[in-house]
Amino acid sequence: ARLVVLVSGSGTNLQALLDAIAADPDGFGAEVVAVGADRTGIAGLERAERAGLPTFVRRVKDFASRAEWDAALTEATAAYEPDLVVSAGFMKIVGKEFLARFGGRVVNTHPALLPSFPGAHGVRDALAYGAKVTGCTVHLVDDGVDTGPIIAQGVVEVRETDDEDALHERIKEVERSLLVEVVGRLARHGYRIEGRKVHVGE
Ligand code: GRF
């Protein structure tokens, strides 16, 4: 399967995918064909360039409207003919055109146990709320914010000593292995969406 990965930051989820594919190029069942971002100057793009991958950047502020940005992101992504789009720390909500083109084929990873703590500050919100456990969720993207059908989740204990960064780092360890496992399974076995359920490999 052809993957386009969208990033906004350090790209450690992207790196985990690249490392897993490099470790088993024939068995993993997918290849990253391009990396897209909503901003320049991020480690995620450097990781892509180090891996010799094509990259593209579409910044919201470079477009007259959000819809035009969405159209540009869709076009840039479609150029690589992905079977699956992986949003790995991509911090923008894709719009109607993107979903019309790739709906049902966009996987997102979120650093909280959805439906708890959706949005851009899931780690901070769980910590502030006093949650005893949190974690990460790998789900299909629908037209809401972090509301699509859940594919897998991983639990992470919250420690008394945690601040946002420490907790997020521990979540990311679980998240990276969960994302690699899910993307590999979806790529190798395919999946079927039935309401809020995602049946993998059937
Ligand atoms: C991940 O925890 C992702 O869930 C969140 O931001 C983080 C991105 O990490 N949205 P990285 O860029 O993959 O290192």
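Whatever order the structure lists ligands and atoms in, that order sets their numbers, starting from 1.
The single protein non-hydrogen atom nearest to atom 1 (C) of ligand 1 is E175 OE1, 3.3 Å, given as residue, atom name and distance. With respect to atom 7 (C) of ligand 1, the closest heavy atom belonging to the protein is H168 NE2, 3.8 Å. Of all protein heavy atoms, the one closest to atom 12 (O) of ligand 1 is G11 N, 2.8 Å.
The other members of the hydrophobic cluster of V158, by chain and number, are V123, L127, V156, L167, I171, V174 (side-chain heavy atoms under 4.5 Å, ILVMFWY only).
At a cut-off of 3.5 Å, with distance as the only test, a side-chain donor of E175 or T109 sits close to an acceptor on the other residue. Looking at S65 and E68, their side chains do bring a donor and an acceptor atom within 3.5 Å of each other.
Not a single heavy atom of Q15 lies less than 4.0 angstrom from ligand 1. For the pair R176 and ligand 1, no heavy-atom separation below 4.0 Å is found. The closest approach between G44 and ligand 1 stays at or above 4.0 Å for every heavy atom of the residue. Ligand 1 has no atom lying under 4.0 Å from any heavy atom of V7.
V60 is connected to L6 through a chain of hydrophobic side-chain contacts under 4.5 Å among Ile, Leu, Val, Met, Phe, Trp and Tyr, so both are in one cluster. Cluster annotation: I93 and L114 are assigned to distinct hydrophobic clusters (Ile/Leu/Val/Met/Phe/Trp/Tyr, side-chain heavy-atom contacts under 4.5 Å, transitive). Criterion: ILVMFWY side-chain heavy atoms under 4.5 Å apart, direct or through other members. Under it, L186 and L178 are part of a common hydrophobic cluster.
A salt bridge does not link R159 with D162: none of the charged nitrogens is closer than 4.0 Å to a carboxylate oxygen. Checked for salt-bridge contact, D38 and K92 meet the test: a charged N lies under 4.0 Å from a carboxylate O.
Taking every non-hydrogen atom of T109 and a distance limit under 4.0 Å, the qualifying atoms of ligand 1 come out as 4 (O). Contact atoms of ligand 1 toward M91: 10 (N) (distance under 4.0 Å to a heavy atom of the residue). Contact atoms of ligand 1 toward S10: 11 (P), 12 (O), 14 (O) (distance under 4.0 Å to a heavy atom of the residue).
Here the shortest heavy-atom distance to atom 5 (C) of ligand 1, taken over G89, G9, A43, belongs to G89.
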